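Every value quoted in this text rests on a predicted model; they were computed, and no experiment measured them. All values below come from the heavy atoms of this structure, side chains included, with hydrogens, waters and symmetry mates left out.
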Amino acid sequence: MPITEDRLVSQYEAIHKRKQYGQTGHEFALQIQACLLDLKPKTVLEYGCGQSKLGEILELGETVWVRYDPAIPSLATIPINRADLIISTDVMEHIPEKDVADILGHLRALSENCFFNIATRPAREVLSNGENAHCTLWSDDQWLQVIRQFFPAAAIAHSRA
């Protein structure tokens with residue numbers, strides 16, 4: 001199953017080659033650490049990780065941290081079939097609207113638990129095709145409504161105005 005359009009993946013791959021991209025996950029380390037303490041997952045999948053070092057700054061104990069990003073060749077395959085928790089920070093807004101439900105379905109097939117951080121504003125990054133890197137800009141409430149179709153207990157835990 002393709003995760004997103006190849007034309008977008010190739011543009012993100014070019015960005016990864018020229019700059020550190022995917023460095024926002026650490027901003028949510030406290031919230032994610034709380035999830036780890038509460039859920040005590042054996043396996044965590046960082047979905048759309050970029051060059052994140054998030055797994056290195058958290059207290060993981062015995063938890064296995066798995067990274068996935070389709071735009072980084074060495075991380076472009078998900079090496080597990082299930083995870084106890086998925087972390088997805090600054091990813092969903094990069095997914096075209098028509099693919100959002102497929103991605104959420106894929107995430108749900110991988111785990112019952114997912115931590116999302118989703119930007120609701122345009123990105124500073126503009127892709128080489130001239131499009132804003134955040135191609136799906138929905139309000140918090142719109143995202144929550146769609147996410148609840150796959151994760152019914154979802155709630156907004158943190159939001160910046």
Side-chain angles (χ1 to χ4, degrees), residues 1-5 7-9 11-12 15 21-55 57-60 63 65-72 75 78 80-127 131-161:
M1 170 180 98
I3 300 302
T4 191
E5 298 175 21
R7 68 177 180 86
L8 291 177
V9 172
Q11 290 187 59
Y12 288 116
I15 291 170
Y21 191 56
Q23 297 290 320
T24 60
H26 70 280
E27 295 175 16
F28 305 96
L30 289 176
Q31 294 92 333
I32 293 167
Q33 191 70 57
C35 291
L36 295 173
L37 290 170
D38 182 48
L39 296 170
K40 298 175 182 43
K42 292 180 182 171
T43 306
V44 173
L45 172 61
E46 188 177 8
Y47 192 97
C49 62
Q51 291 122 359
S52 171
K53 303 292 183 196
L54 182 60
I57 64 172
L58 296 168
E59 295 178 30
L60 297 175
T63 301
W65 192 271
V66 178
R67 297 171 65 218
Y68 163 72
D69 196 302
I72 299 176
L75 302 173
I78 300 174
I80 57 175
N81 294 321
R82 293 283 297 160
D84 298 306
L85 174 64
I86 295 173
I87 307 297
S88 177
T89 62
D90 194 25
V91 173
M92 294 304 298
E93 65 273 20
H94 295 273
I95 305 299
E97 284 187 30
K98 68 179 184 60
D99 295 333
V100 167
D102 287 343
I103 298 300
L104 289 171
H106 184 232
L107 292 171
R108 183 62 180 88
L110 292 168
S111 183
E112 296 176 9
N113 302 298
C114 196
F115 176 95
F116 292 101
N117 172 64
I118 303 171
T120 57
R121 298 181 186 164
R124 285 175 268 176
E125 187 74 38
V126 175
L127 302 176
E131 295 175 13
N132 190 277
H134 292 173
C135 59
T136 300
L137 294 174
W138 292 341
S139 70
D140 295 348
D141 290 336
Q142 286 174 292
W143 277 111
L144 184 58
Q145 182 179 4
V146 172
I147 289 170
R148 280 186 174 160
Q149 293 173 23
F150 299 89
F151 298 92
I156 295 176
H158 178 77
S159 179
R160 288 186 252 185

Heavy-atom check, side chain of Tyr47 versus side chain of Ile78, under 4.5 Å: yes
Aromatic plane relationship, Phe28 with Phe115 - under 30° parallel, 30 to 60° tilted, over 60° perpendicular: tilted
Closest heavy-atom pair and its distance - Leu85, Cys35: CD2-CB, 4.1 Å
Over all atoms of both residues, closest heavy-atom pair of Leu45 and Ala83: CB-CB, 3.9 Å
Exam field: side chain Arg82 to backbone Ala109, donor-acceptor pair closer than 3.5 Å: yes
Listed partners of Thr63 passing side-chain contact (heavy atoms from CB on, under 4.5 Å), at least two apart: Pro41, Val44, Leu60
Under 3.5 Å donor-acceptor, Thr136 side chain and Ile95 backbone: yes
Check: Val126 main-chain N/O paired with Asn132 side-chain donor or acceptor under 3.5 Å: no
Non-hydrogen atoms of Met92 and Ile103 that approach each other most closely: SD-CG2, 3.8 Å
Side chain proximity check, Leu110 to Ile80, heavy atoms < 4.5 angstrom: no
Where Glu59 and Leu36 come nearest, the two heavy atoms and their spacing: O-CD1, 4.2 Å
side-chain contact (heavy atoms from CB on, under 4.5 Å) partners for Asp141, two or more places apart: Ser139, Ile156
Rounded distance [0.5 Å steps], CD in Glu27 versus CD1 in Ile32: 10.5 Å
Minimal non-hydrogen separation, Arg67 against Cys49, with atom names: CB-SG, 3.6 Å
Sequence-distant partners of Trp143, side-chain hydrogen bond (donor to acceptor under 3.5 Å, both in side chains), two or more places apart: none
Sub-4.5 Å side-chain heavy-atom contact between Asp140 and Thr120: yes
Straight-line distance of Trp65 CH2 to Leu58 CG, nearest 0.5 Å: 5.0 Å
Interatomic distance, Trp138 atom CH2 to Leu144 atom CG [nearest 0.5 angstrom]: 12.0 Å
Test side-chain contact (heavy atoms from CB on, under 4.5 Å) applied to Phe150 - qualifying residues, sequence neighbours left out: Ala101, Leu104, Arg108
Donor-acceptor contact below 3.5 Å, side chain Asp69 vs main chain Leu75: no
For Ile72 against Gly50, the heavy-atom pair lying closest together: CD1-O, 3.3 Å
Nearest-0.5 Å distance, SG of residue Cys135 to NZ of residue Lys98: 9.5 Å
Side chain Thr89, main chain Asn117, donor-acceptor under 3.5 Å: no
Nearest-0.5 Å distance that lies between atom CG in Asn81 and atom OG in Ser111: 12.5 Å
Results of side-chain contact (heavy atoms from CB on, under 4.5 Å) for Leu137 - residues two or more places apart only: Pro122, His134
Glu125 CD to Glu131 CD distance, which is reported to the nearest 0.5 Å: 13.0 Å
Heavy-atom neighbours of Gln33 CD exceed 12 at 6.0 Å: yes
